[in-house]
Amino acid sequence: MSTEQNNTEPTFAEFGFAEPILRAVLEQGYTKPTPIQAQAMPHVMQGRDVMGAAQTGTGKTAAFVLPILQNILPMASSSASPARHPIRALVLTPTRELADQVADNAFKYAKYTDIRTAVVFGGVDMSAQTTLLRSGVELLIATPGRLLDHITQKTANLSQVQILILDEADRMLDMGFLPDLQRIISLIPAQRQTLLFSATFSPEIKKLAQSYLRTPVTVEVARQNAAADTVKQVVHMVSSADKQRAIVKVLEARTRQGLSRQCIIFTNSRLGCARLARSLERDGIKAGAIHGDKSQGERTLTLDAFKSGAIEALVATDVAARGLDIPSMPCVINHELPFNAEDFIHRIGRTGRAGSKGDAIALVDASEKRLLDDIEKLMKRKLDIQPLPEGSPSSAPSRSSSRSDAPAKMSDPFFYKPYEPSAVTKASSDTTNPEEKKVGITPARPAVGALLGGFKKK
Ligand code: AMP
C-alpha cells in the first residue's frame, strides 16, 4: 500500500505532462493536484497497476485520465485513417451518467492533443456511436452492456487496448456486471496496465483485483468506508406514512434558516421515486425524478433542470447515487435507508464534496432499525437521532441556530450555486426532442460530440 503523504505537494507541471495536456489542465483552473491525483498519477505514469480507493468528487477522473493521455500521447496521430486510431485505453463505468461525466472531463483534458476520445452507453441509438467507433478512437469510455453490443457488431475491437480502467468497480459488481466484465477483459491483451477505482474495498473487489491486476500499488484518499467529515449526519425517526410530510418540514426548516432547499432525495424503488416526486410537487416543492425507467434524454433534462435550479428536489434511486458531479450539494435526504449499507455512504457522498459542508438526513421508520444498525456498524459510529424540525420559525431546532443568523443566501456556507448553463447548453435546451438534444443534432455540450462523432474538441 502506498504511504505517500504529500507534505510537499507537487504541481501539475512537476509531473512532467506534455504541454497540450498541461495547457488543458490549467485552462480548467486546477492549481494543484487533489490528494488522489498526487498519489495515483506518478504510478499510473510509470505504467504500474493501481488500485485506488476514491469516490467520485475527489478528482479521480483526472487522476487516471491525465497520465493515460500522457502515456498514449506518443502514439497519437493526426492521420485520418481509422487504422491509426485503435482503442488504446478503455474506461468501463457502471452507469451512463458516470460514463458521460468521465467523458466530459476526458474531452476537456484531451482537447489540445490528437488523441480521440469517445463515450458509448446504452439508452441511446447505436448508429451515431457506430460511426464514431468506425472512424477510430484511442480513449473509449463505455458501460459494459453497450460495449459488448458494439463488440458483437464488430464496431469495437479491443485487441490493441494497453490500459484498462475499471471505474467504480464496486458498483459494477453490485449491478451484476461481473460476467460482462470477464467477457470484456478476456478480449483485452493480458499484457496491459489495469487501474481499478472503487469507493470501498470489499472482499469481492479484492478478489477482482487479484484476478486482473498485477502487483498493484494501492492508493487511498479517505478512510475506508468513511463518509466525508464535513457531512453533518442526522436521523429522524418517522413512520413510513409521515415521511413525505417530514421532507416538507425539513425543507421548510432549511428555508427559515436561510439554507438552500436544493437536495437529492434517495428512494429504494423506481415506483416509489416517481410517486414521491409527484407528491412533493403537489406540496409545492419543485421536484423531479431520476431512475432507471427514465430514458437517457429524460434523465439528462431532469439533471440539467436540477443543476440550473429549476428543480430543487431531485428524487433518485441509486442509479444517481454515483457519478453525479454536482459541486457543493448542500443536502442529501434518505427517504428510505438502502438495503446495502455501503450504498448509504455513496448516497451521502453526494454532499460534503471536495471539503464543502453538507447535511445528510435519514428518515428512518421502526422497520428500518436493522438497516440503520448495519450502517452504523460499517461507519463505526452512531448517528445522531433528532426530532423533526417543527413547523413554526420559533420552534426551529437549536442545532441550526449557529447558521440561522446568516439568512442571506450568499453568506450561507451551504448555499448551492447552480451550474451556469453555457450559451450553447441554453440553446440546446430549446430542442424539443430530448434524445435529439442528447445526441447533439445541435452542437452542444462536450459529451454530445462524443455520441455524434465530434470526438476531438478544439
Ligand atoms: P471527479 O472526482 O473526477 O468526478 O472530479 C470532481 C470534480 O473535481 C470535477 O468537477 C473536476 O473538474 C474537479 N477537479 C478535478 N481535479 C481538480 C483539481 N486538481 N483542482 C480542482 N478541481 C479539480
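Both counts, for ligands and for their atoms, begin at 1 and track the order of listing.
Annotation: side chain of Gln233 is in contact with side chain of Ile348 (closest heavy-atom distance under 4.5 Å). In this structure, Arg261 and Lys286 have side chains that are not in contact, with every pair of non-hydrogen atoms separated by 4.5 Å or more.
Contact check on Lys60 versus Asp167 returns a salt bridge, with a Lys/Arg side-chain nitrogen under 4.0 Å from an Asp/Glu carboxylate oxygen.
Atoms of ligand 1 lying under 4.0 Å from any heavy atom of Thr61, numbered from 1 in the order shown and given with element: 1 (P), 3 (O), 4 (O). Heavy-atom contacts of Lys32 reach the following atoms of ligand 1: 18 (C), 19 (N), 20 (N) (cutoff under 4.0 Å). In the vicinity of Phe12, heavy-atom distances shorter than 4.0 Å reach the ligand 1 atoms 19 (N).
For ligand 1, the polar-atom distance check finds an N/O of Gly59 within less than 3.5 Å of one of the ligand's N/O atoms. Note: no N/O pair closer than 3.5 Å links Thr31 and ligand 1 by distance alone.
Side-chain contact annotation: Arg146 with Gln129, donor-acceptor N/O pair under 3.5 Å present.
Within a 6.0 Å sphere centred on CZ of Arg48, other residues, nucleotides and ligands contribute more than 12 heavy atoms.
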